[in-house]
Amino acid sequence: MANIIPLDGVDAGLVEQLLDAAFGADRQKRTAYRIREEQEFLPPLSFAALDEDDMLAGTIQAWPVALTDEDGRRHPMVMVGPVAVLPDKQNDGYGKALMLATLGGMQGDTVLPQVMIGDPEYYERFFDFTAAHTSGWRCPGPYEQERLLVRAANPAVLPETGMLGPWDVPK
């Protein structure tokens with residue numbers, strides 16, 4: 001099965017080629033890119049999957065983002081994705097293995113909520129992501145509200161409304 005390795009050990013050019021193959025060359029116009037604009041992925045939570053020939057089959061990245069509520073208060077979160085698998089390797093378990101690796105790195109009582117844009121049926125069934133708490137959230141660009149998902153140990157801490165965007169940690 002998949003050999004999961006840290007993503008920062010993979011050539012960035014190969015990762016870009018894989019993302020283009022999985023999502024198309026125009027993928028950077030998607031709303032998810034605007035949410036995490038100018039951020040660097042989080043190496044401890046970002047992985048690559050190698051196939052049985054040690055060739056790159058898939059990747060997952062996690063990003064620092066924040067939900068800014070109506071009072072201007074920023075609530076840090078981790079954006080999960082993209083989960084990218086080469087088209088000819090999809091449905092072989094690579095995506096699931098990558099998700100488990102990333103979510104496995106987020107254990108404990110102090111874990112930030114995780115947000116993603118994805119298939120609600122799949123990500124709720126296997127990974128406990130839900131759109132139940134995101135109906136008042138907005139994104140900087142077009143998106144389908146039911147695909148904006150969150151996973152939180154304590155959903156009561158989630159703001160009811162707000163705008164997702166880059167973490168923008170002050171320097």
Side-chain angles (χ1 to χ4, degrees), residues 1-7 10 15-36 39 41-42 44-52 55-65 67 75 77-108 111-160 162 164-165:
M1 190 46 179
N3 181 20
I4 305 296
I5 64 170
L7 185 61
V10 177
V15 173
E16 291 299 311
Q17 289 175 17
L18 183 138
L19 291 169
D20 284 348
F23 298 112
D26 64 343
R27 65 186 160 80
Q28 294 179 338
K29 296 177 183 175
R30 293 178 178 213
T31 298
Y33 280 81
R34 294 169 77 184
I35 293 170
R36 60 181 191 255
Q39 301 298 296
F41 70 83
L42 300 167
L45 300 173
S46 300
F47 298 95
L50 305 181
D51 67 13
E52 60 277 353
M55 301 298 290
L56 185 62
T59 63
I60 189 170
Q61 296 169 318
W63 305 83
V65 299
L67 183 75
H75 301 265
M77 299 184 175
V78 174
M79 184 168 199
V80 177
V83 182
V85 177
L86 289 172
D88 65 331
K89 302 281 185 183
Q90 292 178 3
N91 300 313
D92 289 344
Y94 292 104
K96 194 171 192 177
L98 288 163
M99 280 293 294
L100 291 171
T102 293
L103 297 179
M106 292 188 261
Q107 300 295 328
V111 176
L112 294 173
Q114 300 103 56
V115 63
M116 71 181 317
I117 298 174
D119 176 16
E121 291 176 14
Y122 177 81
Y123 288 104
E124 183 169 7
R125 180 176 34 166
F126 291 110
F127 307 109
D128 297 323
F129 280 87
T130 180
H133 309 288
T134 62
S135 63
W137 296 9
R138 299 179 320 280
C139 295
Y143 67 101
E144 297 171 41
Q145 191 70 46
E146 67 274 5
R147 294 175 58 82
L148 181 57
L149 310 173
V150 68
R151 177 179 183 260
N154 180 7
V157 303
L158 298 171
E160 289 185 25
L164 275 171

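- Residues forming a side-chain hydrogen bond (donor to acceptor under 3.5 Å, both in side chains) with Q61 (at least two apart in sequence, or on another chain): none.
- A heavy-atom distance below 4.5 Å is not found between the side chains of L42 and W63.
- Between P155 and A152, the closest heavy-atom pair is CD-O, 3.7 Å.
- Listed by first and then second residue, the salt bridge (charged side-chain N to carboxylate O under 4.0 Å, His left out) pairs involving residues 129-142 are E70-R138 (not counting sequence neighbours).
- Side-chain atoms of T102 and S46, non-hydrogen and from C-beta on, never get closer than 4.5 Å to each other.
- Nearest heavy-atom pair across V85 and G95 is CG2-N, 3.7 Å.
- When all heavy atoms of M77 and L164 are compared, the pair lying nearest together is SD-CD2, 4.3 Å.
- With sequence neighbours left out, A48 forms a side chain to side chain contact (heavy atoms under 4.5 Å, CB included) with I5, L7, V10, L56, T59.
- Minimum interatomic distance between F23 and A84 (heavy atoms only, all atoms of both residues): CE1-CB, 3.5 Å.
- Counting heavy atoms from C-beta on, the side chains of I60 and P82 never come closer than 4.5 Å.
- Here M79 contributes atom CE and I35 contributes atom CD1; the two are 4.0 Å apart, rounded to the nearest 0.5 Å.
- Remark: N91 engages no residue in a side chain to side chain contact (heavy atoms under 4.5 Å, CB included) (not counting sequence neighbours).
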If you look only at distance, which donor and acceptor atoms sit under 3.5 Å apart when one is on a side chain in residues 123-132 and the other is two or more places apart or in another chain?
residue	atom	partner	partner atom	Å
T130	OG1	A132	N	3.0

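- Judged as a side-chain hydrogen bond (donor to acceptor under 3.5 Å, both in side chains), and not counting sequence neighbours, the contacts of Y33 are R27.
- Looking at heavy atoms from C-beta onward, V65 lies in side-chain contact with V115 at the 4.5 angstrom threshold.
- Partners of K96 by side-chain hydrogen bond (donor to acceptor under 3.5 Å, both in side chains), not counting sequence neighbours: none found.
- Considering only residues two or more places apart in sequence or on other chains, A57 meets the side chain to side chain contact (heavy atoms under 4.5 Å, CB included) condition with D51, K89, Y94.
- By the side-chain hydrogen bond (donor to acceptor under 3.5 Å, both in side chains) test, R151 is found to be paired with Q114, residues two or more places apart in sequence or in another chain being considered.
- Under the side chain to side chain contact (heavy atoms under 4.5 Å, CB included) criterion, Q145 pairs with T134, Y143, L148, not counting sequence neighbours.
- Around atom CD of E160, no more than 12 heavy atoms belonging to other residues, nucleotides or ligands sit under 6.0 Å away.
- Note that the CG atom of D92 and the CD atom of E52 stand 8.5 Å from one another [nearest 0.5 Å].
- Atoms NE2 and CG, on H75 and L112 in that order, are 12.0 Å from each other to the nearest 0.5 Å.
- Atom CD of E121 sits about 10.5 Å away from atom CD of E146, to the nearest 0.5 Å.
- Across L18 and G58, no two heavy atoms sit closer than the pair CD1-N, 3.6 Å.
- We find the CG-CD1 distance between L98 and I4 to be 4.5 Å, quoted to the nearest 0.5 Å.
- In this structure, P113 and M106 have side chains that are not in contact, with every pair of non-hydrogen atoms separated by 4.5 Å or more.
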